[in-house]
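On a predicted model such as this, the values are computed, not experimentally measured, just so you know. Order of listing sets the numbers, starting from 1, for every ligand and every atom in it.
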Amino acid sequence: MRVSLNSQIFLGALIGVGLGLSFAQIGVETPAVKQAIYGFSLLGTLFIDLLKMVLVPLVFTSIAVGVANLRLHSQLHRVWLFTLGFFVLSMALAIALGLSAANLFEPGKGLSLDLFHNASQNFTAKQMSFAEFGASFLHGLFVNPFKALAEANVLAIVVFALFLGVALVVGGERYRNILQLMQEGLELMLRLVGWIMHLAPLGIMALLAQLLATQNPELLSSLAKFVAVVIVTTLLHGFVVLPLLLFAVTRISPQRFFRGSREALLTAFATSSSSATLPVTLRCVEQHLHVKPSIAGFVVPLGATVNMDGTALYEAAAALFVANLAGIELDFTQQLIVCFTTMIAAIGAPGIPSAGMVTMVMVLQSVGLPAEAVAILLPIDRLLDTVRTMVNVEGDMIGSLVVQEMVGE
Ligand code: ASP
């Protein structure tokens, strides 16, 4: 009997969780467990490395070809508009949900920052004002393409490939050969992704086992309420709000969507990186969910670095959590500032593990909260990053389906 790759991945994830929990029970210092965790970390890293290997050529060719295939100018214009509109709308919904949940359940009330004195004492937050952040974000958009490609700077690659795609459209027939070359390059990359995916069940198992074995239970229990509020709200956004939005626009049922997107969601959960997951996301969207390559190739890579619902929700809730810890009441205007900076922070965060933690500093500082509080959030971040990355990637896939429908493809 042949088990489908989808089921193998699911099974791998379950076994990984089981193994991780057993390792934690036995104790991570036991020599045999130590060795097993070492082996798993090698295997997990290998899987992520392979995905990253194809990431850069894949993003580059997929955006350039995607844009070039949107031949008609009016169509290109509409795709842009609907894509950005969807990104802003879904992130705004996520932020509203995160803030409402944090206002309702008030995690952190009753605890105090002093409890975490040791954590925050040895930590100096990098100062990052809003203006500085904006300047460095803009500056990072236009980069020497060879440098961006070599450094795997996804956002800068996206921007250059967009320009190239538009030039290919404008040039038309004249550049037919280059377009064909890129198209074939893209097909080749997707073939490599197909091969790498055979390792996904093992890679995901290894990553999850390692993650669960190395959590600190004491810390988790002292922050249990916050962790629970963030996880439940993020899942609510991912399993209720986004599927409803999808259904309202496209009439695609949640079952159909989740069946087609499972590989990418589990990979995102295990790797905590939208960028590393991108090859899998594109594959799911084009092959299982049947989004046209011209739409998927544009929306998904852009979304992987710009559209982050999970991160936006998390940062908004975390800002209120830190305010509660510090005993500061944020009024309505301050919460609006949090909404705004959170959106910018989520857009600016690259799709790598714990990227949200770096841009979190800016959100805290925008309303005068102590940036050192990030030190309290860091140790639990690896755990929370799993669910938020999964929802980040889900948002990109739903975005491509919604845009396809709105453009009338
Ligand atoms: N890890 C997230 C992602 O790759 C970003 C974040 O830290 O929130 O989507």
Side-chain angles (χ1 to χ4, degrees), residues 44-45 47-49 51-52 55-56 58-59 87 90-91 94-95 97-98 126 128 133 137 140 152-155 157-158 204 207-208 211 226-227 230-231 233-235 237-238 242 261 264-282 284-285 299-319 321-322 338 341-364 374-400:
T45 315
F47 174 57
I48 296 186
D49 285 345
L51 286 173
K52 283 195 190 154
L55 171 70
V56 167
L58 185 67
V59 170
F87 287 173
S90 69
M91 280 195 279
I95 294 171
L97 203 63
K126 222 173 101 209
M128 186 164 35
F133 178 81
F137 179 72
N153 177 347
V154 178
L155 196 60
I157 298 174
V158 166
I204 287 174
L207 286 167
L208 290 180
L211 169 70
F226 173 63
V227 172
V230 170
I231 293 185
T233 324
T234 312
L235 291 179
H237 185 73
L242 283 178
S261 61
L265 296 180
L266 279 173
T267 309
F269 187 89
T271 59
S272 285
S273 166
S274 304
S275 291
T277 311
L278 186 53
V280 190
T281 319
L282 263 176
C284 283
V285 163
V299 181
V300 173
L302 188 64
T305 78
V306 166
N307 181 37
M308 295 199 178
D309 292 12
T311 304
L313 188 155
Y314 170 74
E315 295 198 2
F321 171 66
V322 172
V338 168
T341 43
T342 302
M343 172 105 55
I344 305 288
I347 290 174
I352 55 175
S354 289
M357 279 290 97
V358 180
T359 54
M360 179 83 222
V361 173
M362 181 187 75
V363 178
L364 295 178
V374 168
I376 300 158
L377 303 171
L378 267 178
I380 50 164
D381 193 56
R382 184 65 187 85
L383 186 72
L384 296 179
D385 206 0
T386 52
V387 220
R388 72 171 189 256
T389 308
M390 183 174 78
V391 171
N392 287 347
V393 167
E394 182 190 350
D396 304 336
M397 291 193 276
I398 290 194
S400 67

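N392 contributes a side-chain N or O that, together with a main-chain N or O of D309, makes up a donor-acceptor pair within less than 3.5 Å. A distance-only check finds no donor-acceptor pair linking the side chain of T311 to the backbone of M308 [under 3.5 Å].
Where the criterion is an N or O separation shorter than 3.5 Å, residue side chain and backbone included, A355 meets it with respect to ligand 1. Among the atoms of G356, some N or O lies under 3.5 angstrom from an N or O of ligand 1. Considering backbone and side-chain N/O of M308, none are found under 3.5 Å from N/O of ligand 1.
If you number the atoms of ligand 1 from 1 as listed, the ones under 4.0 Å from a heavy atom of S273 come out as 4 (O). Near T311, meaning under 4.0 Å from one of its heavy atoms, ligand 1 places the atoms 5 (C), 6 (C), 8 (O).
At a heavy-atom cutoff of 4.0 Å, ligand 1 is contacted by the backbone of S354 but not by its side chain. Contact annotation: for R388 versus ligand 1, heavy atoms closer than 4.0 Å belong to the side chain alone. Residue contacts with ligand 1, taken as heavy atom pairs separated by less than 4.0 Å, involve S272 solely via the backbone atoms N, CA, C and O. Using a 4.0 Å cut-off between heavy atoms, V393 makes no contact with ligand 1 at all.
There is a side-chain donor-acceptor pair under 3.5 Å between T277 and T271.
Residue P353 is tested with T386, I48, D385, D381 for a side-chain contact (heavy atoms from CB on, under 4.5 Å); the sole match is D385.
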